[in-house]
Enquirer: 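I am attaching a structure below and will ask some questions about it afterwards.
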Amino acid sequence: MSAHYQNQQLWVEDQGVAALAERFGTPLYIYSKAAIEQAYQAFATPLQGRKHLICFAVKANSNLAVLNLLARLGAGFDIVSGGELARVLAAGGDPAKVVFSGVGKTRSEMAQALKAGIHCFNVESVAELDRLNGVAAELGLVAPVSIRVNPDVDAKTHPYIATGLKENKFGIDILMAPDAFRKAASLPHLKVLGVDCHIGSQLTQTQPFVDAIKRLMELRETLAQDGIELAHMDIGGGLGVTYTNEQPPKPAEYLAEMLPLIPPSLTLVMEPGRALVANAGLLVGRVEMTKDNGFKRFVILDTGMNDLMRPTLYQAVMPVLAVNQSQNQGPMSDLVGPVCETGDWLAKDVPLSAEEGDLVAIGGAGAYGFVMSSNYNSRPRAAEVMVDGDKVHLVRQRETVESLWAGEQLLAE
Ligand SMILES: *Cc1c(COP(=O)(O)O)cnc(C)c1O
């Protein structure tokens, strides 16, 4: 975790969180540059000397400064929309290192990505093969493709973030994949580059990854017999992180199990999202008031589910860090927000003695945090800052209330 206590106060690198909250206001997302760099190197170092491409899953955190930092470290990007492609380009990312995932790519998104010259389309259905072939034909281009295979393995994670089972909408069933590859190989404006899978998110065991890769390797054999040679294998993202008590393998441990299964002649593509940024981020809020209804104590913050949806959406348990360390003890409390929804909570049953005016941070907020935030209840979205040693950069201004209705109009009459 990027945050640490020093003299009972919470710090990110060489910046005190209380001073940052004072200067930039709350709610505030704080990212540590060093933590992102370290997380990236944890993947890149074990891959040295091997053909590889680490494509950061942009949906986990699409702030331009985060993307720019990763681009400078050499990362590619896994995108799921034309909007994300535009962000990657605006952040200085290399289109030749971009893979494009997602089940519902529009024709215009396909054209945008073809013109940009992305590395590969991760195709998720036979209908998409036809559509992409048509769009590439109109442009007089050839689209590089990988087929996303659904290997039917149980990722043993929350059902909303498991993607590799037969019942999920993602990918092409592994039994139907050879036909899809034959079709792709036969279409004149497609070029088969590889195979990919992404079996789920926040995985804390390596076995499901191993099972998936073994199935992909068998598929590769089958395809080779048909004369379809693959240049790369994309094993997706999904490696879990420690929020509270989880013990996922470290990137080096995970890679040590994966690499022997994949021949070095294949370029290894990976799409980590959470593992690169989750623990580089904090969300800081200030206590507005507390209340005890005789049954439960509530600590009501100025931030809630509109800023950080993971607890509400996935029943995610995220670490609570009182900015004053001594306040991490006290009566069991629910940490809730001001949004008018019963589901608006950030943590349940945590020991916390914070009172009005005190600051509380949620750890692990660098992934699927700001990107999922909304303006529900007409709440302007939080500011984002990135700490770099003793420096701090405002990387997204706090929204103003007026900006929330900038595109709206009163009736003309
Ligand atoms: C979300 C997603 C990822 C990243 O998942 P993490 O669990 O954040 O590593 C990678 N690839 C695809 C296709 C995704 O949808």
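Nothing here was measured: the structure is a model prediction, and the numbers come from that model. One-based numbering, in listed order, for ligands and for the atoms of each.
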Enquirer: Quick one: ligand 1 N/O to protein N/O pairs below 3.5 Å?
Expert:
from     : atom 1 : to   : atom 2 : distance (Å)
ligand 1 : 7 (O)  : S201 : OG     : 2.3
ligand 1 : 7 (O)  : G238 : N      : 3.4
ligand 1 : 8 (O)  : R274 : N      : 2.7
ligand 1 : 8 (O)  : Y368 : OH     : 2.6
ligand 1 : 9 (O)  : G238 : N      : 2.8
ligand 1 : 9 (O)  : G273 : N      : 2.9
ligand 1 : 11 (N) : D78  : OD2    : 3.1
ligand 1 : 11 (N) : E271 : OE1    : 2.6
ligand 1 : 15 (O) : K59  : NZ     : 2.7

Enquirer: Let me have the donor-acceptor pairs involving side chains of residues 250-259, under 3.5 Å, with sequence neighbours excluded, atom names and distances please.
Expert:
from : atom 1 : to   : atom 2 : distance (Å)
E253 : OE1    : K250 : N      : 2.8
E257 : OE2    : T206 : OG1    : 3.0

Enquirer: State, with a plain yes or no, whether a side-chain heavy atom of I54 is found less than 4.5 Å away from one of Y40.
Expert: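 They are in contact (side-chain heavy atoms under 4.5 Å apart), so the answer is yes.
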Enquirer: Taking atom CZ of R396 and atom CG of L28, what is their separation to the nearest 0.5 Å?
Expert: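 Between R396 CZ and L28 CG, I get 13.0 Å after rounding to 0.5 Å.
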Enquirer: Out of curiosity, F209 CZ to H198 NE2, how far, rounded to the nearest 0.5 Å?
Expert: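 That separation rounds to 8.5 Å.
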Enquirer: What residues, two or more places apart in sequence or in another chain, satisfy side-chain contact (heavy atoms from CB on, under 4.5 Å) together with K33?
Expert: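 By the side-chain contact (heavy atoms from CB on, under 4.5 Å) rule, K33 matches E13, E37, L69, M386, D388.
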Enquirer: Less than 3.5 Å apart, which donor and acceptor atoms pair up between the side chains of residues 121-145 and the rest of the protein, not counting sequence neighbours?
Expert:
from : atom 1 : to   : atom 2 : distance (Å)
N122 : ND2    : S101 : OG     : 3.2
N122 : ND2    : D234 : OD2    : 3.4
N122 : ND2    : E271 : OE2    : 3.0
E124 : OE1    : G171 : N      : 2.9
E124 : OE2    : G102 : N      : 3.0
E124 : OE2    : R148 : NH1    : 3.0
S125 : OG     : E128 : N      : 3.1
E128 : OE1    : K105 : NZ     : 3.4
E128 : OE1    : E124 : N      : 2.9
E128 : OE2    : K105 : NZ     : 2.6
D130 : OD1    : K183 : NZ     : 3.0
D130 : OD2    : K183 : NZ     : 3.0
R131 : NH1    : K105 : O      : 3.0
N133 : OD1    : H189 : N      : 2.8

